[in-house]
Amino acid sequence: MRKWQESEVIAFIEYFKAQAPDLYVKYLQHEIELRDKKLRGVDEDELWFDGDLWWDIKRLAYKRMPELEALDASELVSAACRYAKAHLI
């Protein structure tokens with residue numbers, strides 16, 4: 001599995017914002033909702049990431065880099081989510 005460099009993750013986030021701004025806003029709102037739920041101490045069963053949103057972001061990764069292996073695309077999306085949580089939300 002590929003280890004994504006921070007610069008690559010940031011480049012993907014910039015691509016994400018430019019190519020799918022509505023999806024990007026939806027993603028940020030979803031992350032904020034999950035963070036708020038976690039802070040309120042809701043049950044872990046309510047803290048699942050939206051699967052449809054995940055696949056939409058993953059399809060965007062494939063659009064940007066069609067040669068990506070499935071695990072590498074998943075890791076890129078995960079890395080982008082981790083970066084967003086740490087730096088954007």
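Values in this document were obtained by computation on a predicted structure and should not be read as measured data. Note that these values count all heavy atoms, side chains included, but never hydrogens, waters or copies made by symmetry.
In this structure, Ala61 and Leu68 approach most closely via the heavy-atom pair O-CD1, 3.9 Å. The two residues Arg64 and Ala11 make their nearest non-hydrogen contact at NH2-CB, 3.7 Å. Heavy-atom minimum distance, Asp72 versus Trp4: O-NE1, 3.1 Å. Minimum heavy-atom separation, Trp48 to Leu34: O-CD2, 3.8 Å.
Looking only at side-chain heavy atoms (C-beta outward), Lys85 and Glu31 come within less than 4.5 Å of each other. Within the 4.5 Å cutoff, the side chain of Met65 has no heavy atoms near those of the Glu8 side chain. The closest side-chain heavy-atom distance from Lys38 to Arg35 is not below 4.5 Å.
Here Tyr62 contributes atom OH and Glu67 contributes atom CD; the two are 11.0 Å apart, rounded to the nearest 0.5 Å. To the nearest 0.5 Å, atom CH2 of residue Trp54 and atom SG of residue Cys81 are 5.5 Å apart. The CD1 atom of Ile57 lies 11.5 Å from the OG atom of Ser74; values are rounded to the nearest 0.5 Å. Once rounded to the nearest 0.5 Å, the distance linking CZ of Phe16 with CG of Leu60 reads 6.5 Å. In this structure, CD in Gln19 is found 10.5 Å from CZ in Phe12, a value given to the nearest 0.5 Å. One distance of note links CG of Leu76 with CE of Met1; it measures 12.0 Å at 0.5 Å rounding.
When the side chains of ILVMFWY residues are joined at heavy-atom separations under 4.5 Å, either directly or via intervening members, Ile13 and Ile89 end up in a single hydrophobic cluster. Residues Leu88 and Val77 fall within the same hydrophobic cluster, defined by Ile, Leu, Val, Met, Phe, Trp and Tyr side chains chained together at heavy-atom separations under 4.5 Å.
Note on ring orientation: taking the six-membered ring where Trp is involved, the planes of Tyr27 and Phe49 are tilted (angle from 30° to 60°).
A donor-acceptor pair under 3.5 Å is formed between the side chain of His30 and the backbone N or O of Asp50.
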